[in-house]
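Accompanying notes for the structure given below.
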Amino acid sequence: MIPYGRQNITEDDIAAVADVLRSDFLTQGPAVPQFEEAVRTASGATHAVAVSSATAGLHIGCAALGVGPGDMVWTVPNTFVASANAAIYCGADIDFVDTDAETWTISVPALEEKLESARAKGHLPKVVIPVDLCGRPCDMAGLRRLADTYGFKILSDSSHAIGATYQAGPVGDGRFADIAVFSFHPVKIVTTGEGGAAVTNDPALARRMELLRSHGITRDPTEMTEPSHGPWYYQQITLGWNYRMTDIQAALGASQMRRLTEFIDRRHELARRYDTLLADLPLQLPAPEPESRSALHLYPVLVPEDQHKAVFRHMREAEILVNLHYIPVHLQPFYRQRGFADGYCPNAEAYYRRAISLPMFPALTVDEQDFVVETLRTALNG
């Protein structure tokens, strides 16, 4: 069986977790700040806030940016549902911007057209959530230009993109997005078992997210509304959630982060090999990236629409566990009930009808990759 993604755990990772289990702290100890420092270093951001999942990071990111009832948030449909759900959690309304047919990330021209129409109606979005699908950075310079023109904030769903680069800088360094969120789920680039992190260069946003991940509670006397009652004292000064990461998770993540460059380099070796081996097949490969270097969380190909289901089934029957990322969010039953329907984002919907994510993880062997390619070739040949 060959999965589409798989974690890579070493004895050093296991030892790091075991050290925490033998320590005095299983949560809220020294490992979380150490992991946050590793994320800051990799992303180039000034602040990193570790959380229990990337979904939690998107939620507190929206909340920190002031998203609430009456506000509008826009994202893309070709993503996991959390990108849209985060706005709903805050009581806001959600809308979708179509993707680019070549890059599969947010279409800046489509966004600009939608913004102009929204400005004429007096209902611009408060936040736009672009998604670095597959680890490929969006056109962040184009997004920043539009954000400056139309006055929205950028919350980048970079769940797939820790270690990716854009215009010679790391994704998350704050040049373009107000906040970026990474995922550390087991199939992502590095893992904490389950977890995420939100990064920003804005100290006020960072502090706000720190409060929101831990019930809105502070022990800082400068933030309290009345004098401390004693050394045990704390105050809840806002409504937050229990979104903390444990030291067990953070220790694993800090150990994994030491191999971030190694992981991404290996993914690029595999991608180059796929590019060569699949070049003669009737399918669409990932587009070149002149301004960026993807983290390559996923390697999707687009097969002919009339063969899509048959190819997927053939690969699964061969115990190659290909997957599809993603069902367009606006076509999920929950969002259909909010008025969205087929045809709303044609490029994202066309992608869904053709996409298959091939196995992509550092431990994938040459023999396994050859088997994937030959099985795909057989499937496409009927």
Side-chain angles (χ1 to χ4, degrees), residues 3-20 27 30-45 47-58 80 82 131-137 156-166 169-173 179-199 213 243-271 292-299 323 325 357 359-364:
Y4 82 87
R6 176 187 286 156
Q7 68 271 16
N8 185 295
I9 303 297
T10 66
E11 289 301 319
D12 285 344
D13 296 334
I14 294 169
V17 172
D19 286 345
V20 170
T27 187
V32 169
Q34 290 167 5
F35 176 62
E36 289 174 332
E37 177 61 30
V39 173
R40 276 196 297 271
T41 300
S43 67
H47 305 277
V49 180
V51 286
S52 55
S53 68
T55 302
L58 290 167
F80 187 57
V131 177
D132 295 332
L133 186 72
C134 310
R136 180 193 188 106
S156 179
D157 185 345
S158 298
S159 294
H160 296 181
I162 185 74
T165 59
Y166 175 77
V171 166
D173 66 2
I179 299 171
V181 174
F182 301 116
S183 172
F184 302 104
H185 182 276
V187 297
K188 297 301 196 303
I189 309 302
V190 301
T191 186
T192 57
E194 182 70 88
V199 297
R213 73 173 171 186
Y243 283 166
R244 294 187 298 265
M245 177 180 283
T246 70
D247 267 35
I248 298 169
Q249 295 168 297
L252 174 58
S255 179
Q256 289 258 306
M257 287 293 290
R258 298 187 187 105
R259 291 182 288 146
L260 176 61
T261 299
E262 173 190 331
F263 285 155
I264 292 178
D265 286 348
R266 174 57 178 159
R267 287 172 180 270
H268 275 270
E269 290 175 8
L270 293 168
S292 62
R293 186 174 191 248
S294 174
L296 280 169
H297 163 52
L298 299 171
Y299 187 94
N323 215 326
H325 302 89
S357 295
M360 171 58 75
F361 52 93
L364 184 70

I need the [X] [atom1] to [Y] [atom2] distance, nearest 0.5 Å.
X      : Y      : atom1 : atom2 : result
Phe361 : Asn8   : CZ    : CG    : 9.5 Å
Arg267 : His297 : CZ    : NE2   : 7.5 Å
Leu298 : Ser357 : CG    : OG    : 4.5 Å
Ser53  : Phe184 : OG    : CZ    : 11.5 Å
Leu58  : Ile179 : CG    : CD1   : 9.5 Å

Whether Ser52 side chain and Arg244 backbone form a donor-acceptor pair below 3.5 Å: no
Does [X] have any salt bridge (charged side-chain N to carboxylate O under 4.0 Å, His left out) partners at least two apart in sequence or in another chain, and if so, which?
X      : result
Asp265 : Arg293
Arg213 : Glu36
Glu262 : none
Glu194 : none

Thr55: side chain to side chain donor-acceptor pair (under 3.5 Å) partners, not counting sequence neighbours: none
Side chain to side chain donor-acceptor pair (under 3.5 Å) against Asp157, all qualifying residues, sequence neighbours excluded: Ser83, Ser159
Worked check of side-chain hydrogen bond (donor to acceptor under 3.5 Å, both in side chains) between Ser158 and Asp132: CA-CA 5 Å; Ser158 298; Asp132 295 332; 2.6 Å; yes
Residues in side-chain contact (heavy atoms from CB on, under 4.5 Å) with [X], at least two apart?
X      : result
Ala164 : Pro137, Ala161, Val171, Ala295
Ala271 : Leu296, Tyr299, Met360
Ala250 : Ala31, Val32, Phe35, Met245
Asp13  : Ile9, Thr10, Leu252, Ser255, Gln256, Arg259

ring-ring contact (aromatic ring centres under 6.0 Å, His included) involving Phe182 - partner list, sequence neighbours excluded: none
Contacts of His325 that satisfy ring-ring contact (aromatic ring centres under 6.0 Å, His included) - sequence neighbours left out: Tyr4
Give the minimum heavy-atom separation between [X] and [Y], together with the two atoms involved.
X      : Y      : answer
Pro362 : Phe263 : CG-CD2, 3.7 Å
Ala180 : Gly172 : CB-CA, 4.0 Å
Val39  : Ala197 : CG1-CB, 4.2 Å
Ala251 : Val20  : CB-CG2, 3.4 Å
Ile162 : Ala42  : CD1-CB, 4.5 Å
Val51  : Ala56  : CB-CB, 4.2 Å

Criterion side chain to side chain contact (heavy atoms under 4.5 Å, CB included) on Leu133 and His160, from CA distance to verdict: CA-CA 6 Å; Leu133 186 72; His160 296 181; 4.1 Å; yes
Validation row: Asp247, Pro30 side chains within 4.5 angstrom (heavy atoms): yes
